[in-house]
Each structure stands twice: as C-alpha cells, then as structure tokens.
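The basis for the numbers below is simple: all heavy atoms, side chains too, and nothing from hydrogens, waters or symmetry mates. Fair warning: this is a prediction, and the values are worked out from it, not measured in the lab.
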Amino acid sequence: MIKVTALQNHFLIPLDDFTQNPDCNFRGREQECVSLIKKCKSLEEFKQAHAQTLKLGIFWSSFVASNLVATCALSNWGSMDYACSIFRQIEEPGSFAFNHMIRGHVKDMNLEQALQVFDEMLECGVEPDNFTYPTLLKACANLPALKEGKQVHGHSVKLGFGDDLFVQNSLVNMYGKCGEISLSCAVFDKMVQRSVASWSALIAAHASLGMWGKCLEIFRGMSSEGCWRAEESILVNVVSACTHLGALDLGRCTHGSLLRTMSGLNVVVETSLMDMYVKCGSLNKGLFLFQRMIEKNQMSYGVMISGLAMHGQGREALKLFNEMLEQGLKPDDVAYVGVLSACSHAGLVEEGLKYFGRMKLEHEVVPTVQHYGCIVDLLGRVGKLKEAYELIKIISIEPNEVLWRTLLNACRVHQNVAIGEVAARELSLSDSGNAGDYVVLSNLYAQSHSWRDVAKTRKEMMCKGFIQTPGFSLVEMKRKVYRFVSQDVSFPKCDGIYEMIHQMEWQLKFEGYSPDTSVVLHDVDEGEKRRRLSSHSQKLAIAFALIHSSQGSPIRIVRNIRMCSDCHTYTKLISSIYDREITVRDRNQFHHFKDGTCSCRDCG
DNA sequence: GTAGGGTTAG
C-alpha cells in the first residue's frame, strides 16, 4: 500500500494547492490534475499521483480516472495490470477509457485481450467512436485475424465511420497484413482523401507479399498525386523493391532522396541500401557504404558476406567473417549460408567443411537445408560427387529438391551419369520436379553421347506434361524496369529487338558461335529449336539494352531462374563483340561477363 | 474535454 501522508512532501506539491485554494473550481482541478498525471516519468511517480487523487477525492471524477488509465496503459514505464486495476474501479467507463484499454493491450501485443475489451465495451452499451476502430483493426492486422477484421470493418461502416481517414488507413493495413491484398486495394481505391499513411500502408502491404513491381508503381502514383513526402519507412520499402528488381538507377535515386531528407541514416536504412547496391550488381558501392557505416550489426555483416560470396569473392567474404567474429558479433544462420557459399564459389573445400563444423559446435547454429545445400554445392563443384551424395543420404533432415538439383547440376558439369540419374530420379519422384531438371539430365546424356537416353528423357518429360518455368529477365532503362519473357513478342518496339537479335547472331557466327539446341527439349525441328533459343528472355533483354543504352555503358540483368548454357556462351561472346560489361544476377549468384569471359569460371 | 492511422534491412 502507498503511504499517502509520507508522499506529500516529496511529490505533487501543486496538487496540495487545490485544497488550499478555494477559488479553484472542480473542472480546473481536474484539468490540472490530469496535466500532472501526464508528466509522470515512472510507475513509482505515477503511483504517488494516483494516491494523491484518491486522497483528494478527485479520483472519483471519471475524467481523472480515465486519464490515469490512459497514461498508465500507454507510457513506456506503464503497466497494463495496474491500468486494468484502475479501470475496474471506474463506475461507468466511457469510450475514452475503453479505447485506451484496447490500445494498451495492442501496445503489449496482447491482441486477443484487446478484442475482448471491445466485446466488453459493446456489452456495457458504450458506443465505439472514430478512435476505437483504428486500434482494433491494428489488433486484427497483427494477429492476423481476417474474420474478426471483416466484422470490425462492417461494424465501423454501420456506425458511420466508413469514410474516416484513420479507419480507412487501418483497413488498408489490416487487409494487407491478412494477405488480402485485393481488399486492401479496394479500400484504398475508394478513399476520397488520402494521407502519407494511406500510401505507406499500401506500399508496405505489397512489399510484405513480395509484389515489388507493384510497390514501385504505387510509389510513382504517390509522387504524381502530389502526396510526396520522403519518409524513411516508405523509402526503405522502395529500396527493397529496387533490390529485388535489380533497379540500380532508381535505387541510387532513392538513396539520394534519403540523404536529402534525413539528417543521418540508421543501421537499418544503411543495410538495406548496401544490400541494394550489392544485389543490383554494384559490389564496390556496397562495400564503400559498408566501410563507412558507424554502426554495423549481425545483419549488415551477413549482407556483405553473402554479397561478396555472390560476386565470386569468396576469400574476401571469409576475411569479413573473421572480422565479424573479432568484433564480438555472433554469426547467425544467414551469415553462415554466406560463409559456406563463399567457400563453394572459391572452391575451398577443406575450409568450407571446417566452417560447417564450427557453425554447429561454436556458434550453435542448427544446420538447415540451405547449409547442406552449400556443402553439396561445395563438394559437387570440385567433383566430389560421391561424397555429396553420401552426405544427402545421412543428413537428419529430409533432403529437398534444391539439394538433389544441386547434385544433378554438379553431375552435369563433371559428367557423372550414375549419380546424376539417382538425383534426377529423386526429383521426378518429388512433386517439385520440373522441366528444367529433365533439361539438365538430357544434357548430361547428350554430353556422354547417350542419344537414346536423351530421347527417353524428352519423352518422359512430355508424358508428365511438364512445362518449363517461364524464364524472365528484367532490365532497367531510365529508371523503369522492363520485363522480358522467353518467346514474348508483346513488348513495345519488339521489331527493333528482333532486328537487333538478328544482327547479333550474324556477329556471333563470325566468332564461331553455334547454337546449342540440346537445351530445347520440345519436340520440334532444328529450325524451330534455333528460333526458340534465340528468343530466350536474356537475349531479348540484352538486345533491348544494346539498343537503348549508350555505347560502352554496362548492362545489368536480373533473372528469375538460372540461365541455360547456351545463353551463358552467347553472353560471353556478346560482351566481347560489343565491348560491354554485362552483369547477370540469377537465383544464386552474379555472372560478370567481360571480354568474353565470366566470373563464375563456367561453374554456374 | 483528453487520443488516433502507416513505420523499415539479409
């Protein structure tokens, strides 16, 4: 219990004025009391203030009591248990007190309890107001609870808050977090008035679902509607979108906006920028940012380590990993994926296995299928296919299709038909087998001149009705991202592109290039195979970039799937014929094509 | 009578 008398001399002296000043009316006392309550800096102080209100008899004003609840529920030092005990003493709590109880629970992430308080509010006959719904919708968003969210939505419309800006913004967010992006857009589209928060919620909703192109589209819409205020949280999502789409120019431009509007960039923003530069192919700029970061954490190191690995700089990645340890930072599972892939890109088998051991023993990171994938890749790259296969057989977790696919690819490179067949069989038995696997197996057979097996593989693929995942390539031109799909003729100025392709092929012929039609498994004649091969998305993207960019400037391409061996050979030659540096990011790594060679040392 | 919505990195 609080000893009221003992506290009087220490705190809230002005409250004593109430008793000594007969002129002070009750309303004024309430106001002053509330302003003192709001000034509390700790729960201890607050308890004293609470005690004072009781002693002075002013607690029984629901205005004062509600403000005690509000302050205690929302302050950093607050306590919902304490707020609740005060709330229970209010005879007839109004919407203000209920709203704050809901907010307090949401703040503490006790979301179910927040919804329970709302039920209680309705049972007590207290009408929710425009402040109730945004908080309630936040609870539904974070649970996430779509059914409840929809009910709250209906309720808010029924009570006439359907047009409230705050309610609508919360709905955009709630539907987004519940994965109902179309409902999120529907609410947004119907809004008569929008604020930065409306755009922010819509962009974040699309970002959380990985709809990066849409993110940029919305961002452009935001600027063109004049609602353009560079906000860190929005720009970070834009930077992420640039990273995923490989849009380096727009990424650079967003970096500029951040520098202009913010007085300093925090570690989150800097890490996302660094990742953007690295993954958009500008490793040096990423390193430059990293070296100048004042605060570096586990994640910033993780990004840079895997970035270096991705760009084929395995030894540098390992150096950075050791620096991370020297800094006293504990590497996590992602940092280790970076380290192990660094070892595999650099062909450091012994080191890789050593790090894999340390990971488990020293840093207590439980190996995931990704780590095993790196080890299989590591062993596979140097031709230790038997060891890689043995590893897959003994691991404690269920091997997934990525492991078998990695092994299969390694078998193609090192021409091991026996193990390759095992891997291909495992893939065909799993639901996730795809046409690409048959292409690799068929290539493996073709290399060993087993033409009968090539035909058998092709037939099997056809029987299973496998359709090759449509490959696409993205290329950025004047801050817009263009998407090319294999065999696609729907893009603008396609005539120009096909003319360019034709011209490129002429040049390639002089360099001794002949199309490797073995990668086309469709049962079509040789001429059609050549035609299909020449309109692979990467070639279309290169043709487009050659037409629309200035001579000598680098070309950057982002792909969704690995490139076929024909595209790899083709791009190497184009880089030398047209004297262009061509960077291609695929699912796993970067390929830097320059003067007719590739940084992956043809191991990709 | 008081208060509120969106808020970020691999």
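- A donor and an acceptor atom never sit less than 3.5 Å apart when one is taken from the side chain of Gln298(A) and the other from the base of dG10(B).
- OP1 or OP2 of dG10(B) has not a single side-chain nitrogen or oxygen of Lys279(A) nearer than 4.0 Å.
- Ser306(A) comes within 4.0 angstrom of nothing in the nucleic acid, heavy atoms only.
- A distance cut-off of 5.5 Å between ring centres, combined with a plane angle under 30°, places Phe166(A) in a stacking arrangement with the base of dG4(B).
- Proximity note for Ser170(A) (side chain, C-beta onward) versus dG5(B), dT7(B), dG10(B): the nearest is dG5(B).
- The side chain of Asn297(A) lies closest to dA9(B), out of dG5(B), dA9(B), dT8(B).
- Minimum heavy-atom separation, Leu43(A) to Cys72(A): CD1-SG, 4.3 Å.
- Side-chain proximity of Lys177(A) to dG5(B), dT2(B), dT7(B): nearest is dT7(B).
- For Glu32(A) and Arg29(A), the salt-bridge test fails: no basic side-chain N is under 4.0 Å from an acidic carboxylate O.
- Going from atom CG of Asn142(A) over to atom C1' of dT7(B) covers 12 Å, rounded to whole Å.
- Regarding Leu235(A), its CG atom lies at a distance of 14 Å from the P atom of dA9(B), rounded to whole Å.
- Put simply, the side chain of Gln168(A) and the base of dG5(B) share no donor and acceptor less than 3.5 Å apart.
- Within 4.0 Å (heavy atoms only), Asn173(A) reaches sugar-phosphate atoms of the nucleic acid but no base atom.
- Between Lys138(A) and dT7(B), a side-chain N or O to OP1/OP2 separation shorter than 4.0 Å is absent.
- For Ser195(A) against dG5(B), a side-chain-to-base donor-acceptor contact under 3.5 Å is present.
- Remark: the Asn99(A) side chain and the dG4(B) base include no donor-acceptor N/O pair separated by less than 3.5 Å.
- Listed nucleotides: dG1(B), dT7(B), dG10(B). Nearest to the side chain of Gln31(A): dG1(B).
- One atom, NE2 of His206(A), and another, C1' of dT8(B), lie 17 Å apart when rounded to the nearest Å.
- Taking atom CG on Asn130(A) and atom C1' on dT2(B), their separation rounds to 13 Å, with Å as the unit.
- Judged by distance alone, with hydrogens and angles left aside, Thr271(A) brings a side-chain donor or acceptor within reach of the base of dA9(B), the pair sitting under 3.5 Å.
- Here the C1' atom of nucleotide dG10(B) and the CH2 atom of Trp212(A) are 12 Å apart, to the nearest Å.
- Remark: side-chain polar atoms of Asn99(A) are paired, donor with acceptor, to backbone N or O of Ser95(A) under 3.5 angstrom.
- With centroids closer than 5.5 Å and planes inclined by less than 30 degrees as the test, Phe96(A) and the base of dA3(B) fail to qualify as a stacked pair.
- Within the nucleic acid shown, Ser272(A) comes within 4.0 Å of sugar-phosphate atoms alone, with no base atom in reach, counting heavy atoms only.
- Using modelled atom types, no side-chain atom of Asp377(A) and backbone atom of Ser344(A) make a donor-acceptor pair closer than 3.5 Å.
- Straight-line distance from the OH atom of Tyr301(A) to the P atom of dA9(B): 21 Å, rounded to whole Å.
- Residue Ala335(A) is in base contact, counting any heavy-atom pair closer than 4.0 Å across all strands shown.
- In this structure, Leu165(A) reaches the bases: a heavy-atom distance under 4.0 Å links it to at least one base atom across the strands shown.
- Residue Val236(A) is in base contact, counting any heavy-atom pair closer than 4.0 Å across all strands shown.
- An OP1 or OP2 oxygen of dG4(B) is reached within less than 4.0 angstrom by a side-chain nitrogen or oxygen of Arg103(A).
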Going through the distances and angles, do Tyr301(A) and Phe321(A) end up as a ring-ring contact (aromatic ring centres under 6.0 Å, His included)? CA-CA 8 Å; Tyr301(A) 270 98; Phe321(A) 178 72; 9.3 Å; no

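- In this structure, Phe63(A) has its ring center no closer than 6.0 Å to that of Phe96(A).
- In this structure, the nucleotide among dG4(B), dG10(B), dT8(B) sitting nearest to the side chain of Met299(A) is dG10(B).
- Between His105(A) atom NE2 and dA3(B) atom P there is a gap of 21 Å when expressed in whole angstrom units.
- Residue His255(A) contributes atom NE2, which lies 20 Å from atom P of dT8(B) at whole-angstrom precision.
- Ring-centre distance between His155(A) and Phe161(A): not below the 6.0 Å cut-off.
- No N or O donor and acceptor, one from the side chain of Asn237(A) and one from the base of dT8(B), sit under 3.5 Å apart.
- Here dG4(B) is the nucleotide among dG10(B), dG5(B), dG4(B) with the atom lying nearest to any side-chain atom of Asp164(A).
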